[in-house]
Amino acid sequence: MHVGHLRSTVLGDAIARLSERMGHTVKRQSHVGDWGLPIAMVVQKLVELEDSGESTETITLDTLNAHYKAAQAECKGELVALKTIKKYGSHPKALVECELRVENAGENMERAKSRLVALQSGDGRSVKVWQRIYDITMTECLATCARLHTKITDEHSAGESTYREELAPLVQDLVDRKIAREDDGALVIDVEGIKAPCLIRKRDGGFLYATTDLAAIKRRVSKLGGDRLVYCVDARQGLHFKQVFGAAQKAGYDKKPDGSVAQLEHAAFGMVMGDNGKPFATRSGESAKLSDLLDEAVTRADAAVAEKNPDMPVSERKPIAEAVAMAAIKYTDLSTERIKDYVFSFDRMLAFEGDTGPYLLYALVRIQSIFRKAEAAGIDANAAMSAPFILEDPAEKSLALTLLKYPRTLASTTEASEPSRLCAYSYELASGFSSFFDKCPVLRNDDPASQASRLRLCDLTRRVLSDALETLGIPTVERM
RNA sequence: GCCCCGAUAGCUCAGCUGGAUAGAGCAGCGGACUUCUAAUCCGCAGGUCGAAGGUUCGAAUCCUUCUCGGGGUGCCA
């Protein structure tokens, strides 16, 4: 996984958690890209290596990555360079050399495409190599998802490959019912209101991602009983989803057995950009590994925890650093409006002060601390849980009003699939508590009625804030 | 060409179905720790809400046009 996968993972998990929190039955369907041309390129590469006598049995994630990059380079070659040269001109010798490479790349690409067709038609050797690639990458992927404190597991993944047996019958169905038509050798579906038709089968017989997405809608509605299908995918695929949703509606794949119609929604999100204004990449132009970002975050968080708590044993510090780091990264990603692009910055991602994930954690930690101190002082906090509220100080009034807004916020956040709203609410709540904490002594309070009221307010804040964080998928800590 | 999206304080961003003096964080300046965790709090300063029209009692929010930026645009995903 690279940095580009952060948003779909974090946002998608949060959107699913929101619906779960609202009491809906949620069927997560991680649409893993495990069945397209890119993976066919790697399969082809490994098959060629085997043919030349190299063993691919001992392949690791790193070597696989290298093969992937090599395959990409070989297939796409200097296509871009050639275009540039043609446009701006260059020495004839350079042009010839470049053309030669592109020619090779063209041949490599053709082989990869044939390999995709072989894979899609169930060729034994292709599938065997593919399976090895799949196992290695999915293991890494799920480990990263777990580290990111998401609920994404193996059983939630329904990758493109799981539709492999459903594509041919689906296309046949669309042809039989005359929903699809042939055009220039390919098979397309016209969608009302969109000029570009939806392409579902290539001239060479290969299927495309729209084909898979149609199969997915059909399965999700008829088999899984979905009545609201939310697609948390990059905004650049907006047209694609318009086409696929339109085609699905035309084919009636959005109709449930009981006749009701499923809602199809694209919860689009913006890109993570580099400071050059292009999609984020490392200096060498490669996509940055997500695990490297997480490691960097933990290193920084660990230093911060150590600085604030010099006496804390390492065994306690490490898990706190891990949680603080994930909270920082996830909050950054969740708190900006989905549709907007943002510029990637370590400093921004890993800021631990102000409107950040750690700030929310800190508020929670301070509340926990009050209850620990209360217990140590022999104050019965449980007795305060039914105490009447006495809201006199502006800070406690304001906090109480914020608490009351929680149900509405949760509902509107879920409805809009917009986790940033719940983030803004969480910040408002944490901020309200911080002011309250500063102005309204809880334990150092001579008035028992006021103390009981404030303890109850603390408890309520703790419950709402941890519920909000849990719903966003942000981990919490007892101390930090 | 056509389609989609964005533009709010020096920087990063909130502002949900139109509602009172447009709010935070960062950066800057000034305060607050012998006190429930200062990863905090309080104050100051900072904005013709990209531009122009329009609808409305009322517009950052809705409509139109334009400017700038980004993205997409049948045989990749």
Side-chain angles (χ1 to χ4, degrees), chain A residues 31 33 35-41 75-76 109 112-113 116 160 183-189 193-210 212-213 233-240 242-243 268 270-271 273 277-279 301 304-305 307-309 324 328 332 335-337 339-343 345 347-348 351-363 365-374 376-377 395 408-409 411-413 415-416 418 420-421 423-424 427-428 430-431 433-445 454-455 458 479-480:
Chain A
H31 198 73
W35 202 243
L37 193 53
I39 202 159
M41 281 157 56
C75 287
K76 291 183 179 159
M109 184 61 104
K113 286 185 179 179
L116 178 62
E160 294 175 338
D183 187 14
D184 200 15
L187 213 54
V188 301
I189 300 178
I194 307 172
K195 281 180 186 167
C198 184
L199 195 60
I200 58 167
R201 195 180 64 196
K202 293 188 279 187
R203 207 180 311 174
D204 69 1
F207 301 122
L208 299 106
Y209 69 145
T212 310
D213 274 330
V233 188
D234 189 329
R236 283 176 295 188
Q237 296 198 35
L239 177 59
H240 165 69
K242 264 190 188 147
Q243 292 174 323
M271 289 179 283
M273 314 286 278
K278 291 184 178 160
V305 179
E307 190 199 326
K308 312 279 181 189
N309 309 275
V324 168
T332 305
S335 61
T336 39
E337 214 188 343
I339 194 65
K340 289 188 177 165
D341 295 341
Y342 67 80
V343 174
S345 139
D347 289 337
R348 183 190 162 173
F352 299 145
E353 286 173 6
D355 185 3
T356 65
Y359 178 87
L360 306 182
L361 264 41
Y362 185 66
V365 159
R366 287 167 122 184
I367 305 176
Q368 312 283 29
S369 177
I370 290 177
F371 283 98
R372 275 198 302 272
K373 287 263 159 62
R408 271 182 285 158
T409 306
S412 114
T413 301
E415 166 60 30
E418 190 62 88
S420 63
R421 285 189 201 169
C423 287
Y427 180 75
E428 186 190 334
S431 170
F433 176 78
S434 293
S435 299
F436 164 83
F437 183 91
D438 204 64
K439 298 218 170 51
C440 306
V442 179
L443 301 177
R444 286 182 55 256
N445 189 333
R454 286 175 180 177
L455 273 170
C458 285
R479 294 167 210 267
M480 65 189 275

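Below, chains carry the letters A, B, ... as their sequence lines are ordered, and counting in each starts from 1. Not measured: the values here are computed from a predicted model.
Straight-line distance from the CZ atom of A:F437 to the P atom of B:U40: 13 Å, rounded to whole Å. Distance A:K439 NZ to B:C36 P: 17 Å, rounded to the nearest Å. In this entry the distance linking NZ of A:K373 with P of B:U35 reads 11 Å, nearest Å. Distance, A:D355 CG to B:U40 P: 11 Å, rounded to whole Å. Taking atom CD of A:Q243 as the reference point, atom C1' of B:C3 lies 11 Å away to the nearest angstrom. In this structure, A:N309 places its CG atom 10 Å from C1' of B:A39, rounding to the nearest Å. One atom, CG of A:N445, and another, C1' of B:C36, lie 11 Å apart when rounded to the nearest Å. In this structure, the CZ atom of A:F436 is 10 Å from the C1' atom of B:C36, given to the nearest Å.
The gap from the C1' atom of B:G46 to that of B:G69 amounts to 25 Å, rounded to the nearest Å. Taking atom P in both B:G6 and B:G30, the straight-line distance is 41 Å, to the nearest Å. Separation of the C1' atoms belonging to B:A14 and B:G47 is 15 Å when rounded to the nearest angstrom. Nucleotides B:A45 and B:C29 have their C1' atoms positioned 8 Å apart, rounded to a whole Å. Taking the P atoms as reference points, B:A22 lies 23 Å from B:C13, given to the whole Å. Nucleotides B:A24 and B:U8 have their C1' atoms positioned 13 Å apart, rounded to a whole Å. The same atom, P, is picked in B:G54 and in B:A59; the two are 12 Å apart, to the nearest Å. Nucleotides B:A51 and B:A7, compared at atom C1', are 11 Å apart to the nearest Å.
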### Task
Check the pair A:E337 / A:E418 against side-chain contact (heavy atoms from CB on, under 4.5 Å), numbers first and verdict last.
CA-CA 7 Å; A:E337 214 188 343; A:E418 190 62 88; 3.6 Å; yes
Which atom pairs link the protein and nucleotides 16-19 of chain B when you take only N or O atoms and keep those under 3.5 Å?
{"unit_1": "B:C16", "atom_1": "O2", "unit_2": "A:S412", "atom_2": "OG", "d": "3.0"}
{"unit_1": "B:C16", "atom_1": "O2", "unit_2": "A:R421", "atom_2": "NH1", "d": "3.4"}

Please write out the pairs of protein N or O atoms and N or O atoms of nucleotides 5-11 of chain B separated by less than 3.5 Å, giving the distance to one decimal.
{"unit_1": "B:A7", "atom_1": "OP1", "unit_2": "A:K340", "atom_2": "NZ", "d": "3.1"}

Close N or O pairs between protein and nucleotides 28-32 of chain B (under 3.5 Å):
none

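Here the shortest heavy-atom pairing between A:M480 and A:P358 reads CE-O, 3.7 Å. Minimum interatomic distance between A:S434 and A:R366 (heavy atoms only, all atoms of both residues): OG-NH1, 3.7 Å. For the residue pair A:A210 and A:L199, the shortest heavy atom distance occurs at CB-O, 3.5 Å. When every heavy atom of A:P197 is checked against every heavy atom of A:Q243, the shortest pair comes out as O-NE2, 3.3 Å. The minimum heavy-atom distance linking A:Y209 with A:E160 is given by the pair CB-OE2, 4.4 Å. Among all heavy-atom pairs drawn from A:A268 and A:A235, the shortest one is CB-CA, 3.7 Å.
Residues meeting the ring-ring contact (aromatic ring centres under 6.0 Å, His included) test with A:Y427, sequence neighbours left out: A:Y359.
Both A:S335 and A:V442 lie near RNA chain B, and the one whose nearest nucleotide falls closer to the 5' end is A:S335.
Because its glycosidic torsion is within 90° of 0, B:C33 is reported here as syn.
To the nearest 0.5 Å, atom CE of residue A:M273 and atom OH of residue A:Y342 are 12.0 Å apart. A distance of 12.0 Å separates OH in A:Y362 from CD1 in A:I367, rounded to the nearest 0.5 Å. To the nearest 0.5 Å, the span separating CG on A:L208 from NE2 on A:H240 amounts to 10.0 Å. The CZ atom of A:F437 sits 8.5 Å away from atom SG of A:C458, with the distance rounded to the nearest 0.5 Å. With rounding to the nearest 0.5 Å, the separation of CZ in A:F433 from CG in A:L360 is 13.0 Å. The CG atom of A:L37 sits 6.0 Å away from the CG atom of A:L116 when rounded to the nearest 0.5 Å.
Nucleic acid contact for A:V305: base, since at least one base atom lies under 4.0 Å from a heavy atom of the residue. When heavy atoms are screened at a 4.0 angstrom cut-off, A:K308 is found touching base atoms of the nucleic acid. At the heavy-atom level, A:Y427 lies under 4.0 Å from the strands shown only through sugar-phosphate atoms. Across all strands, A:Y359 comes closer than 4.0 Å only to sugar-phosphate atoms, never to a base (heavy-atom distances).
Looking at heavy atoms from C-beta onward, A:K373 lies out of side-chain contact with A:V442 at the 4.5 angstrom threshold. A:H31 places a side-chain heavy atom less than 4.5 Å from the side chain of A:T212.
Looking at A:R421, its side chain never comes within 3.5 Å of a backbone N or O of A:T409 through a donor-acceptor pair.
A donor N or O paired with an acceptor N or O is found under 3.5 Å between the base of B:U35 and the side-chain atoms of A:R444.
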### Message
Reading 5' to 3' and counting Watson-Crick or G-U wobble pairs with both distances under 3.5 Å, write the dot-bracket notation for RNA chain B, | for bases paired outside the strand.
### Response
(((((((..((((.....[...)))).(((((.......))))).....(((((..]....))))))))))))....
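The shortest distance between the side-chain N/O atoms of A:S420 and the OP1/OP2 oxygens of B:C13 is not below 4.0 Å.
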### Query
In B/S/- notation, 5' to 3', how is nucleotides 70-77 of chain B contacted by protein heavy atoms closer than 4.0 Å?
SSSSBBSB
